[in-house]
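First the proteins, then the strands, lettered A, B, ... as listed; each starts at 1.
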Amino acid sequence: MLDINLIRRDPHLVRSALVARNEDPTLVDRVLEIDARWRALLTQVEELRAERNRVSREIGRMKDPAQREPLIAQMRAVGDRIAELEDQVRAAEIERDDLLLRLPNLPHPSVPIGPDERHNVIVQQWGEPRLFEFDPLPHWDLGPELGILDFERGVKLVGSRFYVLWGVGALLERALIAWMLHVHTHEHGYTEVYLPFVVKRECLVGAGQLPKFEDNLYHDVEDDIWLVPTAEVPLTNLHRDEILPPDALPLKYVAYTPCFRRERMSAGRDIRGIKRGHQFDKVEMYQITTPETSYDALEEMLEHALDLCRRLEIPHRVVQLCTGDLGFAAAKTYDIEMWAPGCGEWLEVSSISNCEDFQARRANIRYRPEPGARPRFVHTLNGSGLALPRVVIAILENYQQPDGSVLIPEVLRPWMGGLERIG
RNA sequence: GGAGGGAUGGCCGAGCGGACGAUGGCGGCGGUCUUGAAAACCGCUGUGACCGGAAUGGUCACCGGGGGUUCGAAUCCCUCUCCCUCCGCCA
């Protein structure tokens, strides 16, 4: 959520940010109009409440009923008027907040301006795509042939975009999770967290998925419980409504969770293989920092994710997203893409974002800079480290051999009982 | 799932219709005293919103959440959530 004071003070800045994101800039004017109405009504209510408080205190002190009666009658009328105005204030507040909750974050000045992903900027690349002496297969052929990936059973159990991993395929998935968690906790300084995979509605508002992106979420109607689309949601809400003490920051968390997404918006896209499923595993890095240090933390998290990519020895590149491709809550985002020679595309295996105080405002996460000082909003950052199925794709397709077997990356072998090869 | 008891400021704990944003204690901060420290004593000690150029300024709201009764609610009523105890069930 944007600071309403910023919108009041500098509406032009917010309008141009919305334009850069392909959003309607007149939203700003609607917010300002409702906000002005809200403030006018609020002033009225508060003046009437002050009067009622004052007179009610007087009534309490009076003993003579004859004196009290007229004042009580008078205050009853004031009370009715207050109730009317309160309804109007509440209505204006709801309308304003609903708009405010739908405004995306402001892009950081370093973000390239552009309408869509064609304007993203490749900022670095590691490794060269391997030269194959045969036609590399896509993972949707390799996996089933190796007997580790089963699309039919997934469809049988749930439907399209679900799959089953068998044997070494399941082991590979589990090894990746364990290895990534190990590196982040032992070498990158993160604390591992095991989280609920479902959350209540307000957590999704806090992290920015609601009210705008309800379409993409699975939801239990009976209890109003929602499956997490990413660990970022529960991680953001861990400290919701808290004031963190001085010296608490930065907080660095890492969590494995499955992620659940309906993918309604992407119907028909990426239907082959395991690139885009309704359920996938992800290890997520998360940091809560002071406003002064969040951009250093962003670079640090990018480095932590790249470290994993290099150790897996898979060619990859870093892409900086332009304004038009930026996620709703993000001020600045780097994607990491791994090369997949079988399906012939760069796969997004990580997305690392600084949300600045956008989520902190929604989730009301603050910190106290000094003992006794006024609380300030924290900055929150999230980054995949890494998203599993796409790493599995990259491993299968990059490490495939002419005989149809797949070598296991060196770093993962200790996590797979010393296994060197699949098939 | 059944029966009962709770939820108050950083913590403990009073208050059960009228000057309560809330007695008291602990903790924390500042001061007096002291070579220094402790003890003792004194003072301060929540969050947010609105108005205002600003104030050590004014007003409003907040005693788990929401709603109601009343001139007036931390206090009364309804409802939801969570916690505790006992019973049942179970990984």
Side-chain angles (χ1 to χ4, degrees), chain A residues 1-10 31-101 194-206 210 219-226 234 237-249 251 357-378:
Chain A
M1 187 155 68
L2 299 180
D3 183 357
I4 183 71
N5 286 307
L6 174 70
I7 302 175
R8 288 171 188 156
R9 201 179 332 116
D10 199 351
V31 169
L32 285 174
E33 181 206 317
I34 295 162
D35 179 57
R37 197 169 76 220
W38 173 77
R39 283 193 285 175
L41 287 164
L42 187 70
T43 306
Q44 282 187 63
V45 183
E46 291 193 347
E47 279 167 3
L48 287 176
R49 284 206 281 236
E51 184 190 350
R52 184 178 62 181
N53 289 346
R54 184 173 48 76
V55 176
S56 289
R57 245 175 273 136
E58 282 171 22
I59 293 171
R61 271 187 251 111
M62 290 176 182
K63 290 285 177 280
D64 179 9
Q67 246 181 333
R68 295 164 58 128
E69 283 313 322
L71 287 177
I72 288 175
Q74 210 177 312
M75 284 310 103
R76 190 177 295 137
V78 170
D80 291 345
R81 179 64 183 145
I82 289 173
E84 275 171 39
L85 286 168
E86 276 174 343
D87 287 345
Q88 293 177 41
V89 169
R90 199 173 307 134
E93 212 162 53
I94 288 168
E95 201 179 337
R96 186 195 63 173
D97 291 348
D98 186 64
L99 276 176
L100 232 34
L101 286 171
Y194 177 84
L195 298 158
F197 302 155
V198 290
V199 292
K200 54 172 85 169
R201 165 179 243 110
E202 57 198 286
C203 292
L204 289 145
V205 174
L210 288 179
H219 176 203
D220 170 55
V221 178
E222 202 173 15
D223 293 330
D224 200 25
I225 292 278
W226 304 64
N237 285 274
L238 242 24
H239 295 290
R240 175 157 48 89
D241 294 321
E242 289 184 23
I243 300 173
L244 299 164
D247 308 326
L249 305 181
L251 291 169
D357 63 6
F358 186 82
Q359 292 175 323
R361 282 209 144 73
R362 293 176 158 245
N364 191 29
I365 312 166
R366 293 171 294 170
Y367 77 108
R368 210 180 288 284
E370 303 290 338
R374 285 198 49 172
R376 299 175 71 196
F377 287 111
V378 298

Working to the nearest 0.5 angstrom, can you tell me the gap between A:Leu100 CG and A:Glu95 CD?
12.0 Å
Quick one: look up who B:G27 pairs with, Watson-Crick or G-U, both distances under 3.5 Å, and put none if it's unpaired.
B:U45
How far, in whole Å, is B:G58 from B:G53 if one measures between their C1' atoms?
15 Å
Nearest-nucleotide wise, let me know which of A:Met75 and A:Asp35 is further upstream toward the 5' end of RNA chain B.
A:Asp35
Please determine whether a side-chain nitrogen or oxygen atom of A:Arg57 lies at a distance below 4.0 Å from atom OP1 or OP2 of B:G72.
no
May I ask which nucleotide in the shown strands pairs with B:G1, Watson-Crick or G-U wobble, both distances under 3.5 Å?
B:C87
How long is the span from the CG atom in A:Leu101 to the CG atom in A:Leu2, to the nearest 0.5 Å?
10.0 Å
Once you apply a heavy-atom cut-off of 4.0 Å, does A:Arg8 come out as touching a base, just sugar-phosphate, or nothing?
sugar-phosphate
Pairing check on B:U32: which nucleotide meets the Watson-Crick or G-U wobble criteria with it, both distances under 3.5 Å?
B:A40
In whole Å, what separates the C1' atom of B:A14 from that of B:U75?
13 Å
Check: A:Lys200 and A:Trp226 side chains under 4.5 Å, non-hydrogen atoms
no
Report the distance from atom CG of A:Leu42 to atom C1' of B:G48, rounded to the nearest whole Å.
12 Å
Just to be sure I understand the rule, does A:Ile59 reach a base, reach only the sugar-phosphate, or reach nothing, if contact means heavy atoms closer than 4.0 Å?
base
Would you indicate which nucleotide in B:G72, B:C50, B:G48 comes nearest to any side-chain atom of A:Thr43?
B:C50
Taking a pair to mean Watson-Crick or G-U wobble geometry with both distances below 3.5 Å, B:C76 pairs with B:G68
Quickly work out the A:Asp241 CG to B:G48 P distance and round it to whole Å.
12 Å
Whole-Å distance between B:A49 P and A:Leu41 CG?
19 Å
Can you tell me if the side-chain N/O atoms of A:Asn364 get under 4.0 Å from OP1 or OP2 in B:U47?
no
Could you check which nucleotide pairs with B:G17 in any of the strands shown, counting Watson-Crick or G-U wobble with both distances under 3.5 Å?
none
Euclidean distance for C1', B:A40 against B:C33 (whole angstrom):
9 Å
Between B:U59 and A:Asn53, is there an OP1 or OP2 to side-chain N/O distance shorter than 4.0 Å?
no
What distance do A:Leu42 atom CG and A:Glu47 atom CD have between them, rounded to the nearest 0.5 Å?
10.0 Å
Here the distance between atom P of B:G66 and atom CD of A:Glu86, to the nearest Å, is 13 Å
Given atom CZ of A:Arg68 and atom P of B:G72, what is their separation to the nearest angstrom?
13 Å
Say we look at B:A61 and B:G25: how far apart would their P atoms be, to the nearest angstrom?
29 Å
Name the pairing partner of B:U81, where a pair is Watson-Crick or G-U wobble with both distances under 3.5 Å, or state none.
B:A7
Grab the CD-C1' distance between A:Glu46 and B:G52 for me, whole Å please.
14 Å
Does any N or O donor sit under 3.5 Å from an N or O acceptor when you compare the side chain of A:Arg368 with the base of B:G28?
no
Side-chain donor or acceptor of A:Arg49 under 3.5 Å from a matching atom on the base of B:A61?
no
Answer with base, sugar-phosphate or nothing: what part of the nucleic acid does A:Arg52 contact at a heavy-atom distance below 4.0 Å?
sugar-phosphate
Interatomic distance, A:Glu93 CD vs B:G66 C1' [rounded to whole Å]
15 Å
Within 6.0 angstrom of A:Asp80 CG, more than 12 heavy atoms from elsewhere:
yes
Whole-Å gap separating P (B:C80) and CZ (A:Arg201):
19 Å
How close do A:Glu370 and A:Pro246 get, heavy atom to heavy atom, and via which atoms?
C-CG, 3.7 Å
Using the P atom in both, what is the distance from B:A37 to B:C60, to the nearest Å?
44 Å
Check this one for me: any side-chain N or O of A:Arg366 less than 4.0 Å away from OP1 or OP2 of B:G48?
yes
Name the residue closer to the 5' end of RNA chain B, choosing between A:Gly79 and A:Arg96 according to the nucleotide with the nearest heavy atom.
A:Arg96
Given the P atoms of B:A19 and B:A74, what is the spacing between them in whole Å?
10 Å
Considering all heavy atoms of both residues, which atom of A:Ala363 and which atom of A:Arg240 are nearest to each other, and what is their separation?
O-CG, 3.1 Å
With both distances under 3.5 Å as the test, what is the Watson-Crick or G-U wobble partner of B:A22?
none
Separation of the P atoms in B:U85 and B:C80, to the nearest angstrom
23 Å
Side-chain donor-acceptor pair present, A:Arg362, A:Asn364, cut-off under 3.5 Å
no
Say we look at B:G9 and B:C44: how far apart would their C1' atoms be, to the nearest angstrom?
15 Å
B:U47, B:U59, B:G67: which one has an atom nearest the side-chain heavy atoms of A:Ile243?
B:U47
State the pairing partner of B:A55; accept Watson-Crick or G-U wobble contacts with both distances under 3.5 Å, and report none otherwise.
none
